[in-house]
Engineer: 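Before I ask anything, let me first share the structure, which is written out below as C-alpha cells.
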Amino acid sequence: MEHYADLQRLLHAVHKYRQEGKLPDDPAELDEVCARVLNYDRFDETAIEWKRIADYEKELAGGEWPDRD
C-alpha cells in the first residue's frame with residue numbers, strides 16, 4: 001500500500017509541474033519517494049519523469065533545489 005501512496009504523490013507532482021510549471025512544496029522529499037519507487041521498479045515511468053524534472057530544476061539552480069520564497 002505504501003508503494004501506491006508513493007506513486008500517487010509522484011503522479012500529482014509531475015502533473016502539477018506539467019500543467020502549471022510549478023514545483024511542489026516538498027521537492028526534496030519527493031526525491032526520496034522517487035528513489036523508493038525506482039528501487040521497487042526501476043522502469044517506473046512516473047518516477048523516471050520526476051527524476052528528469054528534479055535533475056533539470058536542480059541544474060538551473062546550481063545543483064540544489066531552488067529556494068522557496
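Bear in mind that the values here come from a model prediction, so they are computed numbers and not experimental data.
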Engineer: Which atom pair, heavy atoms only, marks the closest approach of Ala13 to Trp50?
Structural biologist: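 Smallest interatomic distance, heavy atoms only, reads CB-CZ3, 3.9 Å.
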Engineer: Nearest 0.5 Å please: distance from the CD atom of Glu49 over to the CG atom of Asp44.
Structural biologist: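 If I round to the nearest 0.5 Å, the distance is 11.0 Å.
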Engineer: With rounding to the nearest 0.5 Å, note down the distance linking CG in Leu23 to CG in Leu30.
Structural biologist: 9.5 Å
Engineer: What are the two closest heavy atoms between Val37 and Leu10, and how far apart are they?
Structural biologist: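 Shortest heavy-atom separation between Val37 and Leu10 comes out as CG2-CD1, 3.8 Å.
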Engineer: To the closest 0.5 Å, what do you measure between OG1 (Thr46) and CZ (Arg9)?
Structural biologist: 14.0 Å
Engineer: Name the atoms and distances for all side-chain donor-acceptor pairs under 3.5 Å in residues 51-64, with sequence neighbours left out.
Structural biologist:
unit_1, atom_1, unit_2, atom_2, d
Glu57, OE2, Tyr17, OH, 2.6
Lys58, NZ, Asp31, OD2, 2.8

Engineer: Please identify each residue that fulfils side chain to side chain contact (heavy atoms under 4.5 Å, CB included) with His15, with sequence neighbours left out.
Structural biologist: Gln19
Engineer: Locate the shortest heavy-atom distance separating Cys34 from Ala47; write the atom from each residue and the value.
Structural biologist: SG-O, 3.2 Å
Engineer: I'd like to check the salt bridge (Lys or Arg N to Asp or Glu O under 4.0 Å) partners of Arg36; sequence neighbours left out, ordered by chain and number.
Structural biologist: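 Arg36 satisfies salt bridge (Lys or Arg N to Asp or Glu O under 4.0 Å) with Glu2, Asp6 once adjacent residues are dropped.
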Engineer: For Ile48 and Leu38, which heavy atoms make the closest approach, and how far apart are they?
Structural biologist: CG1-CD2, 4.0 Å
Engineer: If you count heavy atoms of other groups shown closer than 6.0 angstrom to NE2 of His12, is the number above 12?
Structural biologist: no
